4 protein chains.
Amino acid sequence: MPAPERRFVITFGCPDRTGIVARIASFLADAGGWIVEAAYHTDPDRGWFFTRQEVRADSLPFGVDELRARFGDIARELGAVTDWRVTDTGERRRVVILVSKESHCLYDLLGRVASGELDVDVSAVIGNHAGLADITKAHGIPFHHVPFPTADPEGRQAAFAQLRQLVDRHDPHAVVLARFMQVLPPELCADWAGRALNIHHSFLPSFVGARPYHQAHRRGVKLVGATCHYVTADLDAGPIIEQDVIRVSHGDSIGDMVRKGRDIEKVVLARGLRWHLEDRVLVHGNQTVIF
Amino acid sequence: MPAPERRFVITFGCPDRTGIVARIASFLADAGGWIVEAAYHTDPDRGWFFTRQEVRADSLPFGVDELRARFGDIARELGAVTDWRVTDTGERRRVVILVSKESHCLYDLLGRVASGELDVDVSAVIGNHAGLADITKAHGIPFHHVPFPTADPEGRQAAFAQLRQLVDRHDPHAVVLARFMQVLPPELCADWAGRALNIHHSFLPSFVGARPYHQAHRRGVKLVGATCHYVTADLDAGPIIEQDVIRVSHGDSIGDMVRKGRDIEKVVLARGLRWHLEDRVLVHGNQTVIF
Amino acid sequence: MPAPERRFVITFGCPDRTGIVARIASFLADAGGWIVEAAYHTDPDRGWFFTRQEVRADSLPFGVDELRARFGDIARELGAVTDWRVTDTGERRRVVILVSKESHCLYDLLGRVASGELDVDVSAVIGNHAGLADITKAHGIPFHHVPFPTADPEGRQAAFAQLRQLVDRHDPHAVVLARFMQVLPPELCADWAGRALNIHHSFLPSFVGARPYHQAHRRGVKLVGATCHYVTADLDAGPIIEQDVIRVSHGDSIGDMVRKGRDIEKVVLARGLRWHLEDRVLVHGNQTVIF
Amino acid sequence: MPAPERRFVITFGCPDRTGIVARIASFLADAGGWIVEAAYHTDPDRGWFFTRQEVRADSLPFGVDELRARFGDIARELGAVTDWRVTDTGERRRVVILVSKESHCLYDLLGRVASGELDVDVSAVIGNHAGLADITKAHGIPFHHVPFPTADPEGRQAAFAQLRQLVDRHDPHAVVLARFMQVLPPELCADWAGRALNIHHSFLPSFVGARPYHQAHRRGVKLVGATCHYVTADLDAGPIIEQDVIRVSHGDSIGDMVRKGRDIEKVVLARGLRWHLEDRVLVHGNQTVIF
């Protein structure tokens, strides 16, 4: 695979008004910027404007820091309350993956990384069980085993402290809860806000919490699903990035549902992570815009 | 379209044990019955056996009443607690449709009936608004307008009594709530149990109750759906017959979700109704087996 | 339903270069234009740039003719070879529908028009059989019966001439072949280029031509589909606007496939027509960009 | 995961007539067989009857060889031309996987095997490139590198001979062409008939042969797909086991289509392989019945 062309990515949100597109486009055009991809969205209910622009790095006469500085001026000009970011696809994304016993999401992500489809550094995999150490190490990735004792509040607190340290040392662009099964404490949710992605094994808001396939089987639904969302202190209630479903029938046992659901969990998590790392997800309130 | 071959349909459920298939199959074989379609299912959790058999009517030396009598003996032989039915596709199905203002489900059903795809008699359409009278009458079907006064309990009770009378005079195989928008009182749910089908405009159990698309928009889901279920006294909680979903995005307003959702409501209701009328839906507890 | 806000829609395509977005956005911003929706796409293989902009009509100090004149200047400035259009959502769209015996697509479109979901004038329905006259007239729409004699070239030529006259008198924005089943002669394809939409009852390019469900059944496929495309002189080979599929199984007869496929044909045609009438479909070569 | 209950699986096909179900069911009932799953299908066009029965091994007073012998008598009794098989889920399935450079299908299968979801022995992986040796060996599975020289007929013939030897020594239940990219010679197709499964990266019959995503991109389709089918001497034309699709848009480059398509290839192959190994696929002519 040839190295993809280096690009700068601008994401920007502000209260809607006329002239925003013109201002940003003129700024980029004046600097010679070659826009490779551009997307706009206006939320009329909230009166909020969103945009994402991808510019060829080599079309600009300056680097990402200068672009950031100059775009900051534009942003300030466009409003007092804005939400923006300028990133460089040349900076390699770092990802830390949290796992438990279930291997399918980890396997899937490692496969995508190994093939080059997902072009990131997996800095570490951290498990509250040790079972996925071997496959992790076979990919040359460090694995840390951090047990979370079930009925020992202090022990759990210590485990979360260790987890935080193991994650934060990499300053990752994404902390992926790949069926991690431990509820993060509020302060970790806050610190990793907008960077921690969870895959929940149901079509939210159906079947929040534990054993969603059991809940689904009991309710007799005809489709099961999975949801990739940002982690917030409110369990399974963070902004949704991606969802998908698969058909089940009366012939499917809970075990069959679990098996079929896994295939959905894998792709939903992989899509959500890709979009997150490509700065395609803009969060506003509890909703996401996916460009 | 040639008239479909006349068939007798047997549905049967009982506690699972060995020899049930053999007993039923031998009974049919001994009588010369040509089985056109046969389906079996065992629910290991509940220890319950389900089957549905379609037999060519002209392959048996007797009619449906005699088949019902003889199969009754088999059923009694197979257990004290059984749940069975023998029906004749030669008996034309009667359907009563309840509507409000939204036309899409009614239009869809009328189109299927007019083309012969859904080979039933629509005995009547009953609306709590009069807007769908014209399209109903254009199909030669009686339309009854029964207003349901919002804040008048006695008036509502009288309206439900009138509704019941208008429905029951046709002794319909199905009472279809095609976006009817009125919650049936418990006694009607009981009397029409297993015959009243509702289309709910969400993927249940997500977004029970009123304005599900508004709820979905607020939660920021990436798919919206629809659910066809039997009506029970517990709102939107009856046995699910069919569900489906369609993708939405941040670009979709509530109005867009409503519009996209309609296409799902129509097909989900049409599928559910077809299966119900073909005796393909076996209810056990709050779950359905769809053969 | 409240009347939707009146908008002007600009679609534009030209060889890609820097500064296009800025030029168009500045032009609109300088005129005070409030952009409600904006989409961009660059096809790197063909080096072609596409955009579609929706502007609130009441935000501009002039009307659609003046906008068209002024935007024409911009377009000429941006290149010698461009492809653009400026339309006014205030101008009601006119549609002529061509049918044969199959009713499902016509029914579906009439239902959408009757409910206001599809806010267009159906100027006429023209059938090579008369069977759909009643349902058409029940909606207050003129129906014309133009028989196409099978083995009579001159008779067919006369029929096509009559068809053309009946269509062209309305100068429709869309000529919809809603399972019309007659192959249009090349000169009609040319005259109606970019306005004639067909629904083909297969997932193209699989099963071109006659009886695609029979072909699909013979091949043993596990999904059947439908394709909405612009009509060109090359049978079933025009630019694809929309496609979708539905699952089938060994248990489905050809008749079942036909029935299931209809539900896909209806929605695929309805989506394609909506996008066409909203100027969301930009054709380039044999491909479409759907904004 | 607890070891699944051991079962005997009977598949049977013959010209349709009355009494087949009764004969088989009575035979099993008389022997005390506990039928866990039973499925029937009649193809009215071909007048062919199909069934699959799963019986609890511990419910029968004899083993699989005796069952096979006894069922053979029943089969002969039921017709001169029958097609049947009796297998034992207690016999571990052996699979040989053929690969080239693309890793996604192999990774996916190895992950399913490692987690126990796919409870089989992967006897060997054989690649015409060596790139997937490491991940194979990390799972404790032998990897053989057999290069196929492109423009050297004799060299290729020798390579196929070596391939055959490496495969046949394991007498595998399935030979999986997991994006193998080499066309098998007719004699290998014949020898492995009904055991060699291919994943083709298009929705067949669209885009037979090389570079289907390039073909799909050129045609401008709105969905891309994948097809798992039995390998026959006729390229990409064997009986289809499973297919699925994923939506693409004008915004997707060929590279994006390849990436999205991979997720479909993986699940379609995994489903097809599972059904094959569970004896759920009955082939008749060029079609499959999936029980």
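Residue numbers start from 1 in every chain, and the chains themselves are labelled A, B, ... in the order their sequence lines are given, proteins ahead of strands. Keep in mind that what you see is a predicted model, and the values were worked out from it rather than measured.
With a threshold of 4.5 angstrom between heavy atoms, A:Lys260 does not approach chain D through any atom at all. Only the side chain of A:Ile246 comes within contact range of chain D, with heavy atoms under 4.5 Å apart.
Note that CD of A:Glu117 is 6.5 Å distant from CG of D:Asp263, once rounded to the nearest 0.5 Å.
Heavy-atom proximity under 4.5 angstrom to chain A picks out D:Ser103, D:Tyr107, D:Asp108 from residues 93-109 of chain D.
Heavy-atom contacts from other residues, nucleotides or ligands closer than 6.0 Å to CZ of D:Arg211 number 12 or fewer.
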